[in-house]
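First up is the structure itself, then whatever we jot down about it.
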There are 2 protein chains.
Amino acid sequence: MPVIPSGALGALDPTSDRAVFRQIADQLREAIDKGRFSEGDKLPSETELVEHYGVSRMTVRNSLSVLQGEGLVFSEHGKGVFVRPRPPVRRLASDRFARRHREQGKSAFTVEADAAGSHPTVDNLEVKEERPSQDIATRLGGPRRVLARHRRYLLDGRPVEFATSYLPLDIARGTQIAEPNPGPGGIYARLEELGHRLDHFEEEIRARMPAPSEVRTLRLAAGVPVIHLIRTAFDTGGRAVEVCDTVMAADAYVLAYQLPAT
Amino acid sequence: MPVIPSGALGALDPTSDRAVFRQIADQLREAIDKGRFSEGDKLPSETELVEHYGVSRMTVRNSLSVLQGEGLVFSEHGKGVFVRPRPPVRRLASDRFARRHREQGKSAFTVEADAAGSHPTVDNLEVKEERPSQDIATRLGGPRRVLARHRRYLLDGRPVEFATSYLPLDIARGTQIAEPNPGPGGIYARLEELGHRLDHFEEEIRARMPAPSEVRTLRLAAGVPVIHLIRTAFDTGGRAVEVCDTVMAADAYVLAYQLPAT
DNA sequence: CAGTGGTCTAGACCACCGT
DNA sequence: CGGTGGTCTAGACCACTGT
């Protein structure tokens, strides 16, 4: 029985130079783009596509793997291949570290999540002294060892980012910053109490495909890149007092910045 | 003859639950990470890997496609599979639209490229009036039609980004902004001459896998995401006077922002 | 020309899912 | 249990590359 919605998918063009698996991928992609399959919908099964197009199963699978690589669909073993829904995105505003927010005593992540009606969680918290990578050391002015605060953030149970903050030992050792819970307002509030009044932050943003370990940590679907953000905090003396290295699931974020025109 | 560098790749673990093609991909990835294959190096051919591991060719190809999806390698028909080199990245500083740069008469792209010793080119320039998408219209305050300036940027011959600027017709129509060459300092200089003194910009950043048309336009390799940047320029009256929609090859860029701590 | 990757076939067995 | 996707085999022919 032909279970493919009538008209949803056309026929192959045998005269075309385009590879068969690409033609099939094109037709499926177009059907998704035009809403003939909606978010969460199940695509025709591999067997159905094999019958519809009269090709071998490997060819069909090749087509589907193209769409997976583009992040358009995901597969579930024993169930089917589905159109990937666009998850809700978290918007990071450029004033998210403004003192006025900090002074209300909550962390930036928690404040935003609450505002968006989501349930935030922090996970895998680990605080320890480490030897920093060359890059981190350079940004902090070259210390041999640093305090590292590792953690993972989840939104409604979904891991969306993991991050590590690095701080010079001469600033952080023995303070509340070296405790798992740094207290109200987070480590930036503690830094200011310790006399390091914050002046500005610098952020560097890259995007790339995730390493396998990042796929596991963020439970990333195929075809989802990561945003790699490195933020350095400077005090009013011009010293770099913290570097925060963050990897985010790109489908969960939009970053917003405001730039002066002057 | 075994042409695989001795010790570069190990043997399969038949007792492992991990799929054979994943084990092979893991070993190749590790060999690349550890520098046993360097940037630009050719990996062992599919035939050599088939012989080394004693598996079928499709299994080997499956392994290689995993690495391609991660952006670690690229293939050239008839030549081989190679370790993908990290291309030089272009750094976009958050002050790149500062008035002091604009007043020197060059566009932001040209100034930066020259500074980096690269040869910049602009391509596929097209200026016309259009009906804006819902999103663009909303950002500009809801005009029915806008002036659109499409173009593509190349660095040393490589396409790295394409962009479209949208401006309200009541501002741009009939001015030099509607000409292919907007003159020294670019459209922002013209906007200020027209009385729209710029106050600030807002930028929104997303990362995702490219659509097929973006792969073509930017000649993207497999496993390279794009950075999607939407910038809105506001004049001192608080009006949005331009929206620039930019898609960048993510492997060619690092974005840098400076945020106040106040 | 021989060697490379690109495409495709026609099977096979397995693990997972829901009924 | 039947249907689904996950893995793998052992071929085949092709197009592209370099010598």
Side-chain angles (χ1 to χ4, degrees), chain A residues 1-4 11-28 37 40-69 72-84 215 221-223, chain B residues 1-4 11-28 37 40-69 72-84 215 221-223:
Chain A
M1 60 208 78
V3 197
I4 296 187
L12 297 177
D13 174 4
T15 72
S16 168
D17 281 348
R18 193 152 178 84
V20 172
F21 79 90
R22 292 192 198 282
Q23 293 188 45
I24 297 175
D26 291 344
Q27 294 195 10
L28 288 167
F37 300 110
D41 279 5
K42 185 179 167 306
L43 294 188
S45 75
E46 296 179 355
T47 309
E48 286 164 0
L49 291 170
V50 162
E51 288 166 1
H52 179 85
Y53 287 111
V55 297
S56 80
R57 187 169 163 229
M58 280 311 296
T59 301
V60 162
R61 281 183 61 76
N62 206 346
S63 308
L64 292 170
S65 81
V66 169
L67 300 182
Q68 271 209 36
L72 282 181
V73 305
F74 66 95
S75 61
E76 290 194 18
H77 197 163
K79 296 171 77 174
V81 177
F82 302 86
V83 179
R84 203 154 68 78
V215 170
Chain B
M1 61 207 77
V3 198
I4 295 186
L12 298 177
D13 174 5
T15 72
S16 168
D17 280 349
R18 194 155 176 82
V20 171
F21 79 91
R22 292 193 197 281
Q23 293 187 46
I24 296 175
D26 290 345
Q27 294 195 9
L28 288 167
F37 299 109
D41 281 5
K42 185 180 167 305
L43 294 188
S45 75
E46 296 178 354
T47 310
E48 286 164 0
L49 290 169
V50 162
E51 288 166 1
H52 178 84
Y53 287 111
V55 298
S56 80
R57 188 168 161 231
M58 282 309 297
T59 302
V60 162
R61 281 183 62 76
N62 207 346
S63 309
L64 292 170
S65 82
V66 169
L67 299 181
Q68 273 210 36
L72 283 181
V73 305
F74 66 95
S75 62
E76 291 194 17
H77 197 165
K79 296 170 79 173
V81 178
F82 303 86
V83 179
R84 203 154 69 78
V215 170

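Naming convention: chains lettered A, B, ... in sequence-line order (proteins, then strands); numbering from 1 in each chain.
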- Item | Residue list, side-chain hydrogen bond (donor to acceptor under 3.5 Å, both in side chains) with A:Lys42, at least two apart or on another chain | none
- Note on the structure: B:Val66 meets the side-chain contact (heavy atoms from CB on, under 4.5 Å) criterion, sequence neighbours left out, with B:Phe21, B:Ala25, B:Arg29, B:Glu70
- Message: If the condition is side-chain contact (heavy atoms from CB on, under 4.5 Å), which residues does B:Ser65 pass it with, not counting sequence neighbours?
- Response: B:Asn62
- Item | Of the listed nucleotides C:dA10, D:dT9, C:dG5, the one nearest the side chain of B:Glu46 | C:dG5
- Taken to the nearest whole Å, CG/B:Asn62 to P/C:dG6 is 13 Å
- Mind checking side-chain hydrogen bond (donor to acceptor under 3.5 Å, both in side chains) for B:Thr59 and listing every partner two or more places apart, or none if nothing turns up? B:Ser56
- Message: If the condition is side-chain hydrogen bond (donor to acceptor under 3.5 Å, both in side chains), which residues does A:Gln23 pass it with, not counting sequence neighbours?
- Response: none
- Task: Kindly state which residues belonging to residues 15-28 of chain A come within less than 4.0 angstrom of DNA chain D, counting heavy atoms of the residue only, listed by number.
- Result: none
- B:Asp13 meets the side-chain hydrogen bond (donor to acceptor under 3.5 Å, both in side chains) criterion, sequence neighbours left out, with B:Thr15
- Message: Please report the distance, rounded to the nearest Å, between CD in A:Glu48 and C1' in D:dG5.
- Response: 13 Å
- Please tell me if the side chains of A:Val73 and A:Gln68 come closer than 4.5 Å, counting only heavy atoms from C-beta onward. yes
- Under the side-chain contact (heavy atoms from CB on, under 4.5 Å) test, which residues partner B:Arg22, sequence neighbours left out? B:Arg18, B:Ala19
- Between protein and nucleotides 11-19 of chain C, map the contacts as a letter string: B base, S sugar-phosphate only, - none, heavy atoms under 4.0 Å, written 5' to 3'. -B--BBSS-
- Note on the structure: Comparing nearest nucleotides in DNA chain C, the 5'-proximal residue of the pair A:Gly54, B:Ser45 is B:Ser45
- Task: Ignoring the backbone of B:Arg61, work out which of C:dT7, C:dC8, D:dG5 is nearest its side chain.
- Result: C:dT7
- Rounded to whole Å, the CD-C1' distance (B:Glu51 to D:dT9) equals 16 Å
- Item | Nearest-angstrom distance from the residue atom CG of B:Leu49 to P of D:dT9 | 13 Å
